[in-house]
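One structure is given below, encoded as C-alpha cells.
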Amino acid sequence: MLPFFKTMATNSPDYNFTEIESTWQKYWEENKTCAAEEAQDKEKYYILDMFPYPSGAGLHIGHPEGYTGTDILARYQRAKGKNVLHPMGWDAFGLPTEQYAIKTGKHPKETSEINIKNFRAQLQKLGFYFDYDREVNTTDPNYYRWTQWIFLQLFKRGLAYVDKRPVWWCEALGTVLANEEIVDGKSERGAHPVVRKNLRQWVLKITAYAERLLEDLDELDWPDSTKRMQKAWIGKSTGANVTFGLENSDETLEIYTTRPDTLMGVSYMVLAPEHALVEELTTAEQKDAVQTYANTAAAKSDLERTELAKEKTGVFSGSYAIHPITGNRVPIWIADYVLVSYGTGAIMAVPAHDTRDHEFATQFEIPIVQVIEKADKSADAEATELPYTGDGVLVNSGEYDGLDWQVAKEKITESLSTEGKGKATTQYKLRDWLFSRQRYWGEPFPIAWVTKEDYIAAVASGDLAGHLPDEPVVYTEEGVSHYALPIPTKALPLTLPDVESYEPAGTGESPLAKATDWLEIWYNYESGEYVPASQDKPEGEKWLRASRETNTMPQWAGSCWYYLRYVDPTNSEAIGDPEKLKYWGVPDMYVGGAEHAVLHLFYARFWHKVLFDEGVVPTSEPFTKLFHQGIILGENGQKMSKSLGNVVNPDDIIKDYGADTLRLYLMFLGPLEAMKPWNTKGIEGTFRFLKKVWRELVGQDGQLNEKVNADFADSKETDRLINETIKKITEDTENLRFNTAISTMMIFANHLQSLESVSLNTAKSFVQLLAPFAPHICEELWKRLGSDKTVTQAPWPQVDESKLVVDEIKVVFQVNGKFRGQTMVAKDATQDDVLAIAMQEPRVTAQTDGKTIRKVIYVPGKILNIVAN
RNA sequence: GCCCGGGUGGCGGAAUCGGUAGACGCAGCGGACUUAAAAUCCGUUGUCCGCAAGGACGUGGGGGUUCAAGUCCCCCCCCGGGCACCA
C-alpha cells in the first residue's frame, strides 16, 4: 500500500525550511512512512539507539547527534529495500523524577508523562525515522510486568538471592548504590559522599555467567576499547589455591596466588582484617594490637583503604604458617591491603616479585628473597632490580632453579596438587550485582515474604512447581526467618502503590515501607490475590500472612531488555511473540554513548543470556554490533553544562536554520565517534549548502529549475562525478562516515552549480543521496522533480561502473622523492613512456641536469620517482 | 602506576595495504552585483625567501628504515578516556 500523494507539499519559491519541515513531518506521521512492516519474508534491518531518560531539561544537542546517525542509516537501509525497525522509547524510572516528586509532591508518573511528551515533540521536530507506534516506557505497568517476569526467571534459576552485606549507602540520596554507581568515592549522580552500611539486599548472581560473558565478547563487533573494559571488569586470572599449614592449629590457611612459581620467595603471609581465622591466629600478646587494627580498618571506607592509602599498614598476628615445600615458619600478618572479598581473603607475600608486598616488607623490615631472575644473561644485561614482576627464570628455588617462570608455575602447581596442598584455580574480579534500591520510583519486586511454615505448606501444595529455586531464598531478622515466594505470572504486574510522601523511610527502607496496606497483606500464593492484613483473613487454605518487598529494582532493570519489547510492544501473553522475536532478532546496529561500556551493556548481556537459557530468545548475545557516538563539547571546548553556560539547545538551531541544516551540521562536524566542539558559525556552511542545492534545482518561480532537463545528456565528467558520488556516499554511509559523505555531496553541489544544464536523472540521484541526511528538503525537492512517491520509498541509486572508467590517469613526477610536476598519461603507459614525458618537464630536468640517474620507480596511476645524484 | 585512544593551517577536520599533506567547511583577505545592506557569485588563503618563474621548510619533539614516511620501527613530551592494593 503506497501512500497517496495528495498535494504538493509547499509551493514556496524560496527554501522555506519551517514550512517544508512541518509539512513533511505531518505527512510521515499521517502515512506512517517510518513504520516497520510485519513482513516476515522481507530482509529486516533493526537499528537501535540507547533510549533516553526523559529529563525535565529536554533534549540537549548530544541526543540528536547519535539519533541523526541512526536515522540516516535507517533511511538508507529503507532505500536499500530492507524492512527497517527503528524504534524509540523512554527509560523513565529514575532518581531525578523521584526527587522532583519529593520536592513537589507530584506523582512521578505525571512528571514522566510531561517530560516524555516534551521529548517526543522535540525528536519529531528533528524528522527522525522512528516508529512511534512501538514506543516503550519502562514505567508502564504493561512493560514492567515483563521486567518483573524476567526477575522471576532469575529467581527460579537460583540467580537471585538476598544477602545482608556491606553496601554503599548514600545519605543524601537516601539509598544504597551499586559499585558501578560510585565514582571516585562519591555517588555518580550528584557526587554525594557514601559510606559502608550493612543492609539486606537483593543480589543477582552475575558471577555465574562470568566465563560466558568473557568468552562471548570475541564474537561481538564492538569497539575494542569497550570489549577491553568489559574484560577488565570481569577480571579473570588463573593461578593456584595453596594450602599452608599452621604452627599451632589444626586448621589450614588457604591462599590464592597467580604466581605459584614464586612460592619459594614467600617471606610472610597476610590475612584481610575481616578474615575468619584472624581471631584464632592472634596470639594473646598481639590481641590488643590486632583488635585495634581490625576496628580501624572496618571503619574505613574502601576509598580510604585504597586510593588514599599512601602507606601500607598492618600488624603481626603472632602466629606462623608452615611453608608447604620447605616446612619453614612463615609469619602471619594482618593488613588491609588484602581484600576479604577476593580470592580467599589471604595471600602469600612475595616481596621480591610483587610491588605491594615489596612496599609492605620494606616498611616492616621483613626479609625479601629473590626467586626470579631476568633470563637475559648477556654481558650488558642489567641486574634484576627488585621488585621484579617480569619474565624470567627461577633462582633460590631448589629443584626448580633454572626453569622458565611459566613452566615453573605449572610444575609447582602440579606438585602441590599431587600432595593435596594446592590446586590450579581461576578467579574473577567480577562481583555479584547488587540489585535493590531503597526508592519508590522503580519496579516493585514480585515477591511475597512468608514464614518458614507457610513456605513449606505452599511448596507442598505443588501450585508453585517450576517457579521456585532449588534452595529457598531466605533472610533472618531479629530471629525471624522470612522466605521468598514468587508472585504468579498471572498476577503480574505488581504495581506501585500510591503513597502520600516520596521521602525515603529513613530506616534504610524505601518509601514503600510506609504503604502499610500494600506492604502487610493476606496473600493467596496460588492466585496472587491479596487484601490488606488489617482486614479479616479471606477463606481458604491458600491464604497466608505475607509482607511485600520494600526495595525496588535499579534503573538498569528496565533497560536490560527493552530492545526485545520493541519487536512486539503490546503483547500481553509474553515478552514477545516467538515468531517476531525470531524474525527481528537483535539489533543489527546499536548506537549509544561509551559511558555505558560496563553498566547497561554488561547487565543486558547477562539478562539476555538468562533469557537464552530459558529459551525465550534465539541468540545468546543482545547487541552484535555496537557503535559509540562521541560527545559534543561546548563552543569553548569544555563539556556542555548549565553552569558553564555553553549549552546548545536544538530547538533554537531548528528555529534559525531548520532541522535539516542541524542534522547535516551535526554529522559534518567530524567523525561520529569523535569528541568535538560545537561551533555556531560553522553551521552557516551546511545551511549555505542546502540553500545552494535548493537554488540549483528550484527556479525562481518555485517550479523546477530550467537547467534541469529530462532530455539532457550529461557530460562525461558529470556522469563520472555523479557515479563517484553515489559510490563514495554508499560506502561512507555503510561505515558511518557521514562527515566525508557530506563533503562529497558538497563537491557535487559545487559542480552542479558550474553546469549550464543537468539531466533530470542525475538531479534525482543526487536528491536521493542527500535524502537520508536532510530528509525534509529532499522530500520537497523530490516532489518538485516530478515524482509521485516519497523519496523515502525510492530505491537507492546504483553505481554505473562503466561511467567510472577513465582512459587517462594522472602521474606525479618526483626527483629524489620530491614533487616536480605532474601529467595525464594513457592508463596503459609504460615506465619508459612516462619517463620520456617527465624528462621534457623543466622542473624535472632542473633537478636531474648534471646528475646520474640511478634508479627510476614507476607506480602506475600514482608516481614516477627519479633517483639521481 | 597500568591499559587504551589521540596530537595535522587561525578553527572543525580530509588523506593511513607508505606514493602530490591540508579535500570539504568555517574564519580571513581581495573583487563582482547592489543607492546600501542582506543574499549570491568569482578569486585568494600552511610558513619563509622571491617582482615572478620557482625554491626551502612543514603533520607534538628526537632518532631510524625506505627511492619515497602524517602513515612503519625505537625513545620522549602533551591531551583525553578507562582501571586502580583483585595478590
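Source: prediction; values computed, not measured. Every chain is numbered from 1 and lettered A, B, ... according to where its sequence line falls, protein lines coming before strand lines.
The interatomic distance linking Gln700(A) (CD) with A39(B) (P) rounds to 17 Å, in whole Å. Atoms NE2 (His596(A)) and P (G82(B)) sit 13 Å apart, rounded to a whole Å. Atom CZ in Arg737(A) sits about 12 Å away from atom C1' in A15(B), given to the nearest Å. Rounded to an integer number of Å, the gap from CD of Gln230(A) to C1' of C3(B) is 16 Å. Distance CD1 (Ile853(A)) to C1' (C67(B)): 13 Å, rounded to an integer number of Å. Rounded to an integer number of Å, the gap from Gln822(A) CD to A21(B) P is 11 Å. Atom C1' of nucleotide C83(B) and atom NZ of Lys236(A) are separated by 20 Å, given to the nearest angstrom. In this structure, Asn241(A) atom CG and A87(B) atom P are separated by 12 Å, rounded to whole Å.
Checked against C4(B), A87(B), C41(B), the side chain of Tyr256(A) finds its nearest nucleotide in A87(B). With G13(B), C4(B), C85(B) as the choices, the nucleotide that has an atom nearest any side-chain atom of Tyr337(A) turns out to be C85(B). Minimum atom distance to the side chain of Lys691(A) is reached by U40(B), of the listed U40(B), C67(B), G12(B). Of the candidate nucleotides A56(B), C41(B), A87(B), C41(B) has the atom nearest to the side chain of Arg695(A). The side chain of Gln753(A) approaches C42(B) more closely than any other nucleotide in the set G19(B), G55(B), C42(B). Proximity note for Ser225(A) (side chain, C-beta onward) versus G19(B), A87(B), C4(B): the nearest is C4(B). Checking G55(B), G19(B), G13(B) against every side-chain atom of Arg843(A), the shortest atom distance belongs to G55(B). Checking C41(B), G19(B), A87(B) against every side-chain atom of Val859(A), the shortest atom distance belongs to G19(B). Checking C4(B), A15(B), A87(B) against the side-chain heavy atoms of Thr740(A) singles out A15(B) as nearest.
The C1' atoms of A52(B) and G62(B) are separated by 38 Å, rounded to the nearest whole Å. Distance check on atom P: C42(B) versus G5(B) gives 43 Å, rounded to whole Å. Annotation: A84(B) and U47(B) have their C1' atoms spaced 45 Å apart (nearest Å). Between C51(B) and G28(B), the two C1' atoms lie 25 Å apart (nearest whole Å).
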Which letters describe nucleotides 24-33 of chain B, given B = protein heavy atom under 4.0 Å from base, S = only from sugar-phosphate, - = neither? BSSS------
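Among the heavy atoms of the strands, none lies under 4.0 Å from Thr355(A). Using a 4.0 Å heavy-atom cutoff across all strands shown, Ile857(A) reaches at least one base atom of the nucleic acid.
A donor and an acceptor atom, one from each side chain of Tyr337(A) and Asp357(A), are located under 3.5 Å apart.
Base-pairing analysis of RNA chain B finds the following stems of at least three consecutive Watson-Crick or G-U pairs, with both pairing distances under 3.5 Å: B:1-7 with B:77-83, B:10-12 with B:24-26, B:28-32 with B:40-44, B:46-49 with B:54-57, B:60-64 with B:72-76.
A heavy atom lying under 4.0 Å from RNA chain B marks the following residues of residues 860-869 of chain A, by number: Lys862(A), Ile863(A), Asn865(A), Val867(A).
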